[in-house]
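Questions regarding the structure given below will be posed in turn.
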Amino acid sequence: MSEAPGPETSPKRHFIHQIIDEHIAHGRWGTPGDRSVVRTRFPPEPNGYLHIGHAKSITLNHGLAVEYGGAFILRFDDTNPEKEEQEFVDSITRDVAWMGGAWEGDVRFASDYFHQMYDWAVELIRKGFAYVDEQSAEQIRAGRGTLTEAGTDSPFRDRPVDDSVDLFARMKAGEFADGSKVLRAKVDMASPNLNLRDPVMYRIVNARHHRTGDEWHIYPMYDWAHGLEDSIEGITNSICTLEFENHRPLYDWFIAAINDGRGPGSEWGKAIHHPQQTEFARLNPTFVITSKRKLKQLVDEKHVEGWDDPRMPTISALRRRGYTPEAIRAFCTEIGTTKFNASHDYGLLENAVRDDLNKRAPRRMCVLRPLKVTITNWGEHGDADRVEWMEAVNNPEDDAAGTRQIPFGGTLSIERADFMEDAPKKFFRLKPGGEVRLRYGYWITCNEVIKDGDEVVELRCTYDPQTRGGDAPPPDAEGNVRKVKGTIHWVATSHAVPIEVRLYDRLFTAERPGKATGNPIDDLNPESLEVVERALLEPNWRTTDAEKAVGTGAFRDGIERFQFERLGYFCVDEKLTPDQAGDRPVFNRAVTLKDSWAKQAGK
RNA sequence: AGGGGAUUGGUGUAAUCGGUAGCACGACUGAUUCUGGUUCAGUUAGUUGGGGUUCGAGUCCCUAAUCCCCUGCCA
């Protein structure tokens, strides 16, 4: 279980708020004005991994419950034994908790309600609202008609009630083969809404269920089961995606059918709770696919390393990637809740991640592609082998995060990309004859470029002892202050820790993967992963107690995340980082920093 | 003989009873900066089309267009 969400999910009023506000004002669920009656749920089917689209649903449903002071429930809609597995129950439970979707009480399962659903189904048969149909699946399909033509009644539609009750009981007892009979609701075969043309309520499936085992031989269909699950749990607002809009009349019909004839003194008992179904548009990010089938193809064909490969849009992948649940929720809130089939700029998610991590991630210095820098005058101002410890700010956004010590010596490593032999005018970093600040270190001037063929292999530089800590030197006799335009990151080679860094980029190069050819594989980004096997990280990189104490670096999921200065946000990969000392930890790049130089250089 | 839903700058999203079309992201300027980050200031750009009602329409009426969903014993 996790804590309540932070202010990032603070309400942004949308149409569902308005619906709920009205219900509360009119007292639809109880005393007018009582906001705490609001109950929502997240009802995943345990047949796969959760993805970013589900995050929107979790954020919405959980957020509403929190905002109104009501309750949020996690319920598995496990009505199909052939597709569902315990493994998915476990991963989904973990993901919802990680997302901050704290639920009330125990996790619920639709399968726990099977007996109650069965009793209600018998009640519907007795009331003349349902019948056992012995037609084949093909016959039922043919009898349903088409979009423009009415369907035809099943020959079993008007069979005696007792026949249906008896057959239904025997279906339940396991007397019949899969597919040989179904229980159908008697609604309207001529309805323009196909969902109302005598929908199937139960089918025979002689399969082992991951929770109920061999107890059942019949399983309820979504339309029959879902509203009942909501009703049993006292859900007030059953929120789902747009494609279920056409199902709402059926959702309401089933509950109305159960309530038909119920009331004070009725043989059937009291009326049952009738939730309000409301539909919203699903999340639709650019550069992402969420189709379960296509994601599976990526895994099966080894285009990615698994369901939690940090390039995948699954929650478990985003977690490994270093995204925070707070950022994901902020994104889901930011894009709003409407009925419009929108397209959501993936950059907005990346931005939410930057936004969150800029405030919270401790800073460290890491050199991805080292270039050797020798300080030629290091021995002129003290012992040539000495190491000076410099003070570096842990998080400029949060002074309370404190500082740390980083070593500086005569041999350093800087980023290859921070040096250019033939630099354009606006290149502010190191170039022959140029001066640059080593952040929290000294100012250095490049005097000599050592090359092996075309490759630059070493820079020989002098440092200015008056710039210790990176500060500007004192003004000269005329009062002029020397300035330097660029500041770059670095590590002392002797003390640096070698690490493996995985630079992830978007999995697809097309905004709508597969749009051009029909196959998303064609739009795969060949550069979505670059493994840097030996990057160099400053030695005292572990999150400090001071950082944890003030919130910076204290991520409640326990994942260590950092900003590697000037590079981006990274996290320790829990899965690939070995426990044994001596092996290189693996860091994943969540997202780069914004880079206005790259933008300008690309022009 | 179909039914249901939707349409506001490049993107997303607001606008109480019909009364100044606002916010965020992006893009572009500039300032600040020991991260080409952050922050700050500014610029850019919109009511799907056509009619109508009205002093006044994103909002009401008529009409057209476009997009999404629906013919599983999946959810």
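Here the structure is a predicted model, which means the values were calculated and not measured. Within every chain, numbering begins at 1; the chains are lettered A, B, ... in the order of the sequence lines, protein sequences first and strands thereafter.
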Review point. What distance, rounded to whole Å, do you find between the two P atoms, one in B:G22 and one in B:G58?
Key: 13 Å

Practice item. Mind checking A:Lys485 for me? I need base, sugar-phosphate or nothing, with any heavy atom below 4.0 Å counting as a touch. Key: nothing

**Study point:** Strand-adjacent residues in residues 42-55 of chain A, judged by heavy atoms under 4.0 Å from RNA chain B
**Key:** A:Glu45

Exercise for review: Would you kindly check whether a donor in the side chain of A:Gln563 faces an acceptor in the base of B:U35, or vice versa, at under 3.5 angstrom?
Suggested key: yes

Exercise for review: For A:Tyr118, enumerate each residue passing the ring-ring contact (aromatic ring centres under 6.0 Å, His included) test, keeping only those at least two apart in sequence or located in another chain.
Suggested key: A:Phe168

Check your understanding: More than 12 foreign heavy atoms under 6.0 Å from CZ of A:Arg506: is that the case here?
Key -> yes

Exercise for review: List the atom of A:Ala225, the atom of A:Thr79, and the distance in Å for their closest heavy-atom pair.
Suggested key: CB-CG2, 4.0 Å

Exercise for review: Can you check whether any acceptor in the base of B:U38 is under 3.5 Å from a donor in the side chain of A:Arg354, or vice versa?
Suggested key: no

Check your understanding: For A:Asp153, which residues count as a salt bridge (charged side-chain N to carboxylate O under 4.0 Å, His left out) partner, sequence neighbours excluded?
Key -> A:Arg157

**Study point:** Interface residues of residues 172-181 of chain A with RNA chain B (non-hydrogen, below 4.0 angstrom)
**Key:** A:Gly179

Check your understanding: Is the ring centre of A:Phe76 less than 6.0 Å from the ring centre of A:Phe109?
Key -> yes

Check your understanding: Is the A:Trp216-A:Tyr202 ring centre distance short of 6.0 angstrom?
Key -> no

Check your understanding: So what does the secondary structure string of RNA chain B come out as, 5' to 3', with Watson-Crick or wobble pairs under 3.5 angstrom, [ ] for crossing and | for pairs with another strand?
Key -> .((((((..((((.....[..))))((((((.......))))))...(((((..]....))))))))))).....

Review point. Side chains of A:Ile289 and A:Arg512: does their closest heavy-atom pair fall under 4.5 Å?
Key: no

Would you tabulate the pairs of protein nitrogen or oxygen atoms and nucleotide nitrogen or oxygen atoms of nucleotides 19-22 of chain B closer than 3.5 angstrom?
none

**Study point:** Residue whose closest nucleotide on RNA chain B lies nearer the 5' end, A:His247 versus A:Thr487
**Key:** A:Thr487

Review point. Salt bridge (Lys or Arg N to Asp or Glu O under 4.0 Å): which pairs involve residues 176-185 of chain A, sequence neighbours left out?
Key: A:Asp133-A:Arg184, A:Glu134-A:Lys181

Review point. Would A:Glu388 and A:Arg468 pass as an ion pair if we require N to O under 4.0 Å?
Key: yes

Restricting to nitrogen or oxygen on both sides, can you table the protein-nucleotides 9-11 of chain B pairs closer than 3.5 Å?
unit_1: B:U11; atom_1: O3'; unit_2: A:Ser343; atom_2: O; d: 3.3
unit_1: B:U11; atom_1: O2'; unit_2: A:Ser343; atom_2: O; d: 3.3

**Study point:** Residue list, ring-ring contact (aromatic ring centres under 6.0 Å, His included) with A:Phe408, at least two apart or on another chain
**Key:** A:Trp378, A:Tyr442, A:Trp490

Check your understanding: Can you give one letter per nucleotide of nucleotides 1-6 of chain B, 5' to 3': B if a protein heavy atom sits under 4.0 Å from the base, S if only from the sugar-phosphate, - if neither?
Key -> BBBSSS

**Study point:** Polar contact flag, side-chain donor to acceptor under 3.5 angstrom, A:Arg144-A:Thr152
**Key:** no

Point to revise | A:Asn80 vs A:Tyr222, side-chain hydrogen bond (donor to acceptor under 3.5 Å, both in side chains): CA-CA, chis, key distance, verdict | key: CA-CA 9 Å; A:Asn80 185 348; A:Tyr222 169 86; over 6 Å; no

Check your understanding: What about A:Arg141, does its side chain sit under 3.5 Å from the base of B:G72 through a donor-acceptor pair?
Key -> no

Check your understanding: Can you name the residues that form a ring-ring contact (aromatic ring centres under 6.0 Å, His included) with A:His217, not counting sequence neighbours?
Key -> none

Review point. Which part of the nucleic acid, if any, lies within reach of A:Thr79 when heavy atoms closer than 4.0 Å are counted: base, sugar-phosphate only, or nothing?
Key: sugar-phosphate

Point to revise | Nearest-angstrom distance, P atom, B:G51 to B:G18 | key: 24 Å

Exercise for review: Between A:Thr337 and A:Asn195, just flag the one whose closest nucleotide in RNA chain B comes earlier from the 5' side.
Suggested key: A:Thr337

Check your understanding: Who passes ring-ring contact (aromatic ring centres under 6.0 Å, His included) against A:Phe428, sequence neighbours left out?
Key -> none

Check your understanding: Sub-3.5 Å donor-acceptor pair from the side chain of A:Gln277 to the main-chain atoms of A:Phe244, do we have one?
Key -> yes

